[in-house]
Amino acid sequence: MEIKYYSGYRGLNTLLSPRQVGDDYVIDCSNVIFRDGTIQRRFGFNPVLEPLPITSYKPRHVVYFNQFYEAQKAVVCITDKDIWLYDQSLTIGNRWQLITPIYTTGTVTVTSGSTSVVGSGTSWSTGLAGGSGIYEIKFGSTDPNAAGTWYVINTINSNTSLTLATQVSQSYSGSSYCIRKCLSGGIIDWTIANKSDGTRMLLIVDGTRTIKYIGSGYCTDVSGINGSLVCGFYGSTSGEHFVIANTVDSGVRQPMTIELSNIGNPESFSEGYYIDLMDTNDEIIALHKIRDSIAVYKRRSISILTPTYTETLFHVKQNVVNGIGAVSKNVIADCNNLHIFMGETNVYVFDGVNIKPIGDDIKNRIFADINWDYIHRAHAFYDTVHDYYLLFVPTGDSAEPDICYVYDLLTGGWTIFKFGYTITSAQEVYIPFTYTWDDISAAYTASGGTQWTWEWMRDNRITWNQLQGGAERKAILFTSSDGLFFLFDEDAQKDFDKPIRAHFITKDYYLNEPYKLATVGDTRFYCRAIDQTYYNLTYVPNIVVNGSMNYGYEYSQNYLVDISGNYGSIIDRTVSFALRGTHFRLKVSNTTNGDPFSIEGIAIVYNDAGV
């Protein structure tokens, strides 16, 4: 009889054969984390804020914007089409307010059943240039947040004539109206810039437009700035600049050009500062500050702009990295003076000088099934609370990210998360995410209920301290494709209302000499006991254990193993297998309830059959 004992799991490895993988790796997993040598089911998220009123357009960015004063802070959400502000001072159900740029000059007349709109005192050809098929109009009020039906503007015919995409259902004569100057739905970038007068602004670029928000009122378009796909903000030794790249000048796309605003004035580019990065032919896709420099990412190169003390604003080091770049701007995450990003064949760490691949263990898995047609929807985020790099990518036929690859900066290991909702963005925010009684009611209603209960609060780990309010805390905010907002939180035992299904599959453990068979006897699991009272479980928590002697071709003997016990204690559970072979692998999962588990180690007992 021999015993093989395995503990100290590090993460996932899909690059090597299951017979070659080290003992500290698993060959497949979902929704587990590897910390301190244990394998645990991951935590989930709880609802926060309230859903967006318009859910036909998906959230893409959440921005924590504040002026220099304590009271001037806000959460702004950028969707495919709109810009929203969360105003916690308003009543529940009305806190998300549209702040998309609007046009309301003059009055309109339109007949029910018609698509023709006639304006009086309007200047639509100039005020709405480029908005055909994008902008939307509502009648009867100049307030975009008032009740009413929005109609897409199909064509802007003149200063006083519009044609809608669909017929209106009501007649209006000499009426007020509101036109939302919606975003294009394409690639959007944003930054926060400081002005020399001590104010700040949120700046959003949308290909042909630059839009600003100053902390009050609606967003407005900034004139006199070339269109761009990429933006950033940078303080050099000479002053602070709004930086744009991949620009459009006189109607011509300039994908390798960077332009810098006048010093201390992000709304003016009259000084004509620009840089052309022509050493490679691929376009600029991102600008990211790294230490005291700017990293300029292309698809297959990285350049560095460093401030100088001469009249030249920046010293340009083209192609600090050649042959490697980022596949899109949103897959780059800032991680403590480092960048982690996804390239075309691996995931990398970049410190401004050196670059190192970190995705070797699972790069074949990451790149095997990416939907490259929608790679611009991929996004990444550095979770400073747990030291995770989370990379969300679309796979197969999915147009949205449907899988999350997670790199643990503490252990250097990888795992995979599959969330119960489609996560469209992740952002670290610092706001007092405390709940009011109205918040509780709204969150419960959003889940399909009619009123909150103490049991629902308990199950979602909403604590009394959160209800009491208090100081700001760091929070990881997720947005979903259906306009919901979540806190990624260790207290959450579900993905809102959906169980967290988790599993892992071990390597093939070699049991004997070549060409001989062994009989597996007992497999013992050392676990952290799952306390039903602590986790508010109405059922006995279990793990499901299967074994395979034929390299995963089939798994036999489906065992349901009780892992309940007193909180904090270590327990051991034994599973007896009657399987013969030269190699043995285990598949461990939770049940459909999504039970939590934490496995410290596994011991396999086997007998040499001598055959």
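Heads up: numbering here begins at 1 and tracks the sequence. The basis for the numbers below is simple: all heavy atoms, side chains too, and nothing from hydrogens, waters or symmetry mates. Keep in mind the model is a prediction, meaning the values are calculated, not measured.
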*Step by step, would you call Lys181 with Ile134 a side chain to side chain contact (heavy atoms under 4.5 Å, CB included)?*
CA-CA 8 Å; Lys181 300 174 70 175; Ile134 300 172; over 6 Å; no
*Residues Lys298, Ile285; criterion side chain to side chain contact (heavy atoms under 4.5 Å, CB included); working and verdict*: CA-CA 5 Å; Lys298 292 185 175 183; Ile285 62 170; 5.6 Å; no
*Could you please spell out the steps behind the ring-ring contact (aromatic ring centres under 6.0 Å, His included) verdict for Phe45 and Phe488?*
CA-CA 4 Å; Phe45 44 70; Phe488 190 44; 7.2 Å; no
_Between Val243 and Ile258, is the side chain to side chain contact (heavy atoms under 4.5 Å, CB included) condition met? List the steps._
CA-CA 7 Å; Val243 186; Ile258 298 172; 3.4 Å; yes
*Start with the C-alpha distance between Trp124 and Ser158, add both sets of side-chain angles, then the distance that settles side chain to side chain contact (heavy atoms under 4.5 Å, CB included), and finish with yes or no.*
CA-CA 6 Å; Trp124 290 331; Ser158 68; over 6 Å; no
*Evaluate side-chain hydrogen bond (donor to acceptor under 3.5 Å, both in side chains) for Ser141 paired with Asp143, printing each intermediate quantity in order.*
CA-CA 5 Å; Ser141 174; Asp143 180 3; 5.2 Å; no
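Note on Glu400 versus Arg60: salt bridge recorded, some NZ/NE/NH1/NH2 to OD/OE distance being below 4.0 Å.
Side-chain atoms of Asn94 and Thr91 include a donor-acceptor pair closer than 3.5 Å. Asp402 and Thr395 form a side-chain donor-acceptor contact under 3.5 Å, judged by distance and modelled atom types alone. Using modelled atom types and a 3.5 Å distance limit, the side chains of Asn371 and Ser398 yield no donor-acceptor pair. Side-chain N/O atoms of Asn154 and Ser132 include no donor and acceptor closer than 3.5 Å. Using modelled atom types and a 3.5 Å distance limit, the side chains of Asp334 and His288 yield a donor-acceptor pair. Using a 3.5 Å distance cut-off with no hydrogens or angles, the side chains of Ser328 and Asn330 do not pair a donor with an acceptor. Asn246 and Gln254 form no side-chain donor-acceptor contact under 3.5 Å, judged by distance and modelled atom types alone. Side-chain polar atoms of Thr424 and Thr479 form a donor-acceptor pair below 3.5 angstrom. Checking Asp249 against Thr247 by side-chain atom types alone, no donor-acceptor pair falls below 3.5 Å. Between the side chains of Gln97 and Asp87, not a single donor N or O lies within less than 3.5 Å of an accepting N or O.
The structure places CG of Asp80 at 9.5 Å from OG of Ser56, a figure rounded to the nearest 0.5 Å. Rounded to the nearest 0.5 Å, atoms CD1 (Ile423) and CD1 (Ile403) are 13.5 Å apart. To the nearest 0.5 Å, the span separating CG on Leu52 from CG on Asp482 amounts to 10.0 Å. One distance of note links SG of Cys77 with CG of Leu85; it measures 10.5 Å at 0.5 Å rounding. Atom OG1 of residue Thr142 and atom CD1 of residue Ile102 lie 6.5 Å apart, to the nearest 0.5 angstrom.
In terms of modelled atom types and a separation under 3.5 Å, the side chain of Asp221 and the main chain of Ile211 share no donor-acceptor contact. Of the possible donor and acceptor atoms, none in the side chain of Arg200 sits under 3.5 Å from a partner among the backbone N and O of Asn194. A donor-acceptor contact shorter than 3.5 Å links the side chain of Arg377 to the backbone of Ala399. The backbone N or O of Lys329 sits nowhere less than 3.5 Å from a side-chain atom of His376 that would complete a donor-acceptor pair. Here the side chain of Lys81 pairs no donor or acceptor atom with the backbone of Cys182 at under 3.5 angstrom. For the pair Ser123 (side chain) and Gly127 (backbone), a donor-acceptor distance under 3.5 Å is absent. For the pair Lys58 (side chain) and Thr79 (backbone), a donor-acceptor distance under 3.5 Å is absent. Judged by distance alone, with hydrogens and angles left aside, the side-chain atoms of Trp96 form a donor-acceptor pair with the main-chain N or O of Glu50 at under 3.5 Å. A donor-acceptor pair under 3.5 Å is formed between the side chain of Ser125 and the backbone N or O of Asn159. The main-chain N or O of Ser184 is found under 3.5 Å from a side-chain atom of Asp206 such that the two form a donor-acceptor pair.
Remark: aromatic rings of Phe341 and Tyr297 are close, center separation under 6.0 Å. When ring centroids are compared, His241 and Tyr234 stay outside the 6.0 Å threshold. Trp190 has its ring centre no less than 6.0 Å from the ring centre of Phe233. Side-chain rings of Phe478 and Phe419 approach one another, their centers coming within less than 6.0 Å.
With Cys178 as the partner, the side chain to side chain contact (heavy atoms under 4.5 Å, CB included) test is satisfied by one option alone out of Ile137, Asn145, Thr104: Thr104. Partner of Val110 under the side chain to side chain contact (heavy atoms under 4.5 Å, CB included) criterion, chosen from Val118, Val117, Leu162, Thr115: Val117. Just one of Arg41, Arg42, Arg501, Lys418 meets the salt bridge (charged side-chain N to carboxylate O under 4.0 Å, His left out) condition when paired with Asp495; it is Arg42.
In this structure, Tyr177 and Thr122 have side chains that are in contact, with non-hydrogen atoms separated by less than 4.5 Å. Here the side chains of Cys335 and Tyr407 are not in contact, with every heavy-atom distance at 4.5 Å or above. Val75 has its side chain out of reach of Phe485: every pair of non-hydrogen atoms, C-beta onward, lies at least 4.5 Å apart. Residues Val205 and Ile188 fail the side-chain proximity criterion, which asks for heavy atoms closer than 4.5 Å. For the pair Leu49/Phe486, no side-chain contact is recorded, criterion being any heavy-atom separation below 4.5 Å from C-beta on. Between Ile83 and Ile204 the shortest side-chain heavy-atom distance falls below 4.5 Å. A heavy-atom distance below 4.5 Å is found between the side chains of Glu267 and Met201. With contacts defined as side-chain heavy-atom distances shorter than 4.5 Å, the pair Leu98/Tyr218 does not qualify.
Scanning all heavy atoms of the two residues, the minimum distance from Leu203 to Ala193 falls at CD1-CB, 3.7 Å. Closest non-hydrogen pair, Val168 versus Thr111, comes out as CG2-O, 3.2 Å. In plain terms, the two heavy atoms of Tyr382 and Asn336 that are nearest each other are OH-ND2, 3.0 Å. When all heavy atoms of Tyr405 and Arg365 are compared, the closest pair comes out as OH-O, 3.5 Å. Across every non-hydrogen atom of Asn226 and Thr210, the tightest pair is O-OG1, 4.3 Å. For the pair Phe367 and Gly343, the tightest heavy-atom approach, listed with the atom from each and the gap, is CE2-O, 3.3 Å.
Using bins of under 30°, 30° to 60° and over 60° for the plane-to-plane angle, the ring pair Tyr389/Trp414 lands in the perpendicular bin.
Heavy atoms from other residues, nucleotides or ligands lying under 6.0 Å from OH of Tyr374 number 12 at most.
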